[in-house]
Number of protein chains: 2
Amino acid sequence: MARRVQKPATQVTADDVARKLGVSQSTISRAFSMTASISEKMKRRVIDASNALGYQPNVIARSLITRRTNMVAIVMANLVDPFYPVVLDELVQQVQARGFQTLLFVPSPGQPVDDIMPNLLQYQVDAIVLTSATISSAMARTCAARDTPVVSFNRYVPGLQIHAVASDNIAGARQVADYLVSTGHERPAFIAAQRDATTNIDRRHGFMSRLKELGMPACLEEEAGDFSYEAGYAATKRLLRKAKRPDAIFYASDIMAAGGIDAARELGMGVPEDVSIVGYDDVPMAALPCYSLTTIRQPVAEMAKVAIDLLGLADPRGTKSAPAMRTIMGSLITRSSTMNRGTAGAGRKRKAAR
Amino acid sequence: MARRVQKPATQVTADDVARKLGVSQSTISRAFSMTASISEKMKRRVIDASNALGYQPNVIARSLITRRTNMVAIVMANLVDPFYPVVLDELVQQVQARGFQTLLFVPSPGQPVDDIMPNLLQYQVDAIVLTSATISSAMARTCAARDTPVVSFNRYVPGLQIHAVASDNIAGARQVADYLVSTGHERPAFIAAQRDATTNIDRRHGFMSRLKELGMPACLEEEAGDFSYEAGYAATKRLLRKAKRPDAIFYASDIMAAGGIDAARELGMGVPEDVSIVGYDDVPMAALPCYSLTTIRQPVAEMAKVAIDLLGLADPRGTKSAPAMRTIMGSLITRSSTMNRGTAGAGRKRKAAR
DNA sequence: TCGTACCTTGCATACGCATGCAATTTAACC
DNA sequence: GGTTAAATTGCATGCGTATGCAAGGTACGA
């Protein structure tokens with residue numbers, strides 16, 4: 001017969017506030033709603049009573065009805081590369097600025113993102129952001145069927161039905177090629193990361209194709225394997241020990257380039273005197289005096305804004321927009337890891353003094 | 001009279017699976033439960049049908065009943081200092097390893113953590129981790145009243161009723177003092193960060209009190225203001241321009257020490273020839289050849305494990321344990337930003353050659 | 001004075017799932 | 001084969017909130 005059996009006391013509900021005020025639970029609900037109609041007077045009474053009782057709406061219960069959790073899942077496949085903490089920071093700021101919360105997933109090394117997507121969908125997130133990770137087209141279809149928008153950040157898969165945001169890696173790499181040639185470099189090289197990463201592919205292709213356009217001979221290349229400092233370091237040692245050494249190296253990322261600078265110095269070579277070094281990303285580290293790395297700056301803040309905008313979080317009921325691909329221009333930042341080796345233009349000069 | 005009106009089609013529920021199989025919804029529920037009793041045969045039928053229909057349990061609905069969301073909130077007040085991405089990585093790994101998810105909060109600059117706690121509690125998180133941030137005792141009481149365990153990582157407030165995990169900053173700083181004195185340094189200095197941060201207070205105190213015990217004269221000191229590269233850089237310039245220059249500087253953190261090294265070099269001073277530099281944390285950057293920083297290594301992985309363990313996530317109903325404070329020993333990592341300046345022990349030698 | 005329109009509130013129900021209890025089936029044993 | 005215990009399943013209900021609908025209240029104009 002007992003109407004209510006011994007509440008666990010840990011949870012104050014709208015019913016408690018309603019009882020205290022002698023009104024209905026609906027009224028409490030409406031006091032915390034932006035849209036519902038309620039008199040100012042009553043609203044104040046409810047707010048005051050809620051504060052007195054320590055009542056806070058349970059957003060979990062709310063989302064059961066509204067079908068919106070106000071949570072955005074962010075998948076960070078990599079937190080070691082200094083580029084990604086910056087990305088995460090910007091993304092979270094954007095998400096929070098829109099009144100949403102961030103559910104963060106970090107796959108364990110080697111774990112495919114497809115494996116954790118079900119987990120993520122079970123939490124009924126309103127949207128998903130993937131950084132440096134891709135999903136299968138089957139999973140993309142699952143998300144589409146659930147009206148859960150997905151955006152891929154800094155990577156894309158042609159044909160995959162999800163949004164994508166990246167800086168214009170091809171154009172950025174072309175700028176690097178232009179810059180190196182115009183500063184008199186004659187034997188540029190590229191050090192690659194994962195072969196299948198679009199960032200790697202585009203930067204490589206933009207660089208090499210532009211070099212070719214400029215009439216340069218075939219570009220040297222070395223595979224590092226991944227986007228890490230260690231990989232860049234090791235690949236650089238291999239490359240610089242060869243007979244025909246490059247006079248400039250462009251890396252698929254800044255952190256790799258940092259490893260490259262350290263490797264070159266360890267071999268007794270001067271940067272930029274003996275070899276110019278160029279990275280990509282403009283991570284904070286690139287500005288440090290001991291690297292002072294010439295690089296392409298990715299406009300992370302803008303990219304993050306565009307990415308979150310693409311999710312259409314403002315729409316009450318997800319107006320499923322067609323998958324869009326947005327590329328954003330980066331800019332060349334010249335620092336002292338590169339130098340002018342002679343006449344500007346496609347000069348045939350052989351050597352350049354300091 | 002329609003029993004069910006036009007489902008939005010975006011959500012497959014347990015009812016759908018039940019109807020397809022001609023069993024009750026309870027059975028579906030039990031098939032996805034670890035503890036409930038269900039025959040193997042039925043379980044397989046349910047799983048198969050679920051896969052066919054694309055059914056995934058809605059954990060939001062589940063948590064309404066179980067009163068557990070399996071979400072842990074992590075508050076990261078700082079993502080710029082390279083120490084914290086490492087911390088976040090370890091914490092998230094620990095959280096996920098226990099089958100929980102991470103709800104990430106990054107307060108905007110200057111925003112007190114107390115302001116975002118209500119947000120966080122509304123999401124009914126099962127536990128909260130604060131990194132380099134503190135909350136009011138009122139808020140701590142609110143959490144206690146809700147049986148939501150809170151652990152403070154790398155910072156603590158004496159008397160505050162929440163768990164805390166930190167490396168033993170006092171002992172670590174004492175090791176630095178011992179090391180510098182035993183390597184013949186005679187004029188050590190300390191560069192401080194935020195005055196009220198316990199990490200700063202303890203490192204300063206451990207260092208200075210140990211120097212005093214060893215019979216050293218009063219230690220030089222300079223206030224940087226915060227834990228940033230820029231602050232360390234600026235404070236170092238101020239300190240090294242003074243008449244009586246130190247022969248060793250201990251910084252409240254690695255990133256500050258990195259700024260210090262660059263500042264010293266810019267002033268034409270050699271590290272460690274003219275001044276030894278010691279940091280704290282052992283961030284990845286400290287191992288780079290251009291810094292090669294002597295420092296105290298914080299055992300981040302172990303600290304993260306202890307922190308998450310303290311939350312007692314395994315317990316079905318939070319057995320509210322008394323707030324515990326755990327300190328974990330760090331270890332001195334000597335690299336080439338420091339050198340031996342003469343006889344070991346409390347020598348009175350004046351100068352030391354290279 | 002009454003009637004109309006609008007604003008405010010309460011009632012009832014649904015969101016998707018877990019779980020105590022009772023009913024039913026299966027297994028086990030003599 | 002019969003009896004009893006154990007395992008399995010269904011039924012009914014509740015978790016805390018939002019919301020359509022109807023009822024009540026207020027203000028206003030005629």
Side-chain angles (χ1 to χ4, degrees), chain A residues 2-19 21-46 50 53-70 121-124 146 316-317, chain B residues 1-19 21-46 50 53 55-70 121-124 146 316-317:
Chain A
R3 243 192 101 55
R4 266 188 194 277
V5 198
Q6 186 67 13
K7 273 273 192 55
T10 68
Q11 176 83 308
V12 182
T13 73
D15 269 319
D16 297 328
V17 181
R19 212 164 9 243
L21 255 46
V23 300
S24 75
Q25 176 264 321
S26 315
T27 300
I28 311 305
S29 169
R30 286 193 255 257
F32 286 92
S33 159
M34 296 294 106
T35 59
S37 96
I38 185 173
S39 67
E40 271 307 316
K41 190 176 53 177
M42 178 61 88
K43 188 165 185 172
R44 179 144 309 282
R45 286 181 62 203
V46 172
S50 298
L53 266 55
Y55 169 72
Q56 296 268 107
N58 182 332
V59 303
I60 294 299
R62 171 183 299 170
S63 55
L64 194 54
I65 297 193
T66 61
R67 293 164 172 284
R68 308 210 87 209
T69 54
N70 272 29
L121 292 173
Q122 285 187 312
Y123 274 87
Q124 316 294 119
R146 300 180 49 135
R317 271 327 286 153
Chain B
M1 286 299 137
R3 245 197 99 54
R4 260 181 200 281
V5 198
Q6 188 66 12
K7 273 274 190 54
T10 68
Q11 175 85 308
V12 182
T13 74
D15 269 318
D16 297 327
V17 181
R19 210 163 9 242
L21 255 47
V23 300
S24 74
Q25 175 264 321
S26 316
T27 299
I28 311 304
S29 168
R30 285 192 257 258
F32 286 93
S33 157
M34 295 294 106
T35 58
S37 99
I38 184 172
S39 68
E40 271 308 314
K41 191 176 50 177
M42 178 63 88
K43 189 165 184 172
R44 181 144 307 280
R45 286 182 61 204
V46 172
S50 298
L53 267 56
Y55 169 71
Q56 295 267 108
N58 181 330
V59 303
I60 294 298
R62 170 184 297 169
S63 58
L64 195 54
I65 298 190
T66 61
R67 294 165 168 285
R68 307 209 88 209
T69 53
N70 272 28
L121 292 172
Q122 285 188 312
Y123 273 86
Q124 317 295 119
R146 301 180 49 135
R317 271 324 290 151

Can you check the [X] [atom1] to [N] [atom2] distance for me, whole Å?
X      : N      : atom1 : atom2 : value
B:R44  : D:dT8  : CZ    : C1'   : 18 Å
B:I60  : D:dG16 : CD1   : P     : 15 Å
B:R68  : C:dA18 : CZ    : P     : 15 Å
A:R67  : C:dC15 : CZ    : P     : 7 Å
B:I28  : D:dC11 : CD1   : C1'   : 15 Å
B:Y123 : D:dG16 : OH    : P     : 18 Å
A:N58  : D:dG14 : CG    : P     : 18 Å
B:L64  : C:dA14 : CG    : C1'   : 12 Å

Distance, nearest 0.5 Å, that separates [atom1] of [X] from [atom2] of [Y]:
X      : Y     : atom1 : atom2 : value
B:Y123 : A:S63 : OH    : OG    : 7.5 Å
B:I28  : B:L21 : CD1   : CG    : 5.5 Å
A:R68  : B:I60 : CZ    : CD1   : 13.5 Å

When we call it a touch if two heavy atoms are under 4.0 Å apart, what does A:S37 touch: a base, just sugar-phosphate, or nothing? base

Checking all strands, does A:V59 fall into the base, sugar-phosphate, or nothing category for heavy-atom contacts under 4.0 angstrom? nothing

N/O contacts under 3.5 Å, protein versus nucleotides 19-25 of chain C?
| unit_1 | atom_1 | unit_2 | atom_2 | d |
| --- | --- | --- | --- | --- |
| C:dT19 | O4 | B:S26 | OG | 3.0 |

Applied to residues 37-46 of chain B, the side chain to side chain donor-acceptor pair (under 3.5 Å) test, sequence neighbours excluded, yields none

Mapping B:Q56 and A:E40 onto DNA chain C by nearest heavy atom, which one lands closer to the 5' end? A:E40

Can you give me the closest heavy-atom contact between [X] and [Y], atom names plus distance?
X      : Y      : result
A:S50  : A:V17  : OG-CG1, 3.9 Å
B:Q124 : B:T69  : O-OG1, 2.8 Å
B:L121 : B:R146 : O-NH2, 3.1 Å

Five-pair end axes of the helix from C:dT1-D:dA30 to C:dC30-D:dG1 and the angle they enclose, rounded to 10°: 30°

Using the test side chain to side chain contact (heavy atoms under 4.5 Å, CB included), find all partners of A:Q25 that sit at least two apart in sequence or belong to another chain. A:A14, A:D15, A:S29

Residues in ring pair (Phe, Tyr, Trp, His ring centres under 6.0 Å) contact with B:F32, at least two apart in sequence or another chain: B:Y55

Is the shortest side-chain heavy-atom distance between B:Q122 and A:R62 below 4.5 Å? no

Determine: side-chain N/O of B:T13 to OP1/OP2 of C:dG16, distance under 4.0 Å, yes or no. no

Is there a donor-acceptor pair closer than 3.5 Å between any side-chain N or O of A:T27 and the backbone N or O of A:V23? no

Any idea which of D:dT17, D:dT8, C:dC17 is nearest the A:P57 side chain? D:dT17

Verify side-chain contact (heavy atoms from CB on, under 4.5 Å) between A:T13 and A:N58, making sure each step is shown before the conclusion. CA-CA 8 Å; A:T13 73; A:N58 182 332; over 6 Å; no

Hey, what are the protein-to-nucleotides 22-26 of chain D N/O distances that come in under 3.5 Å?
none

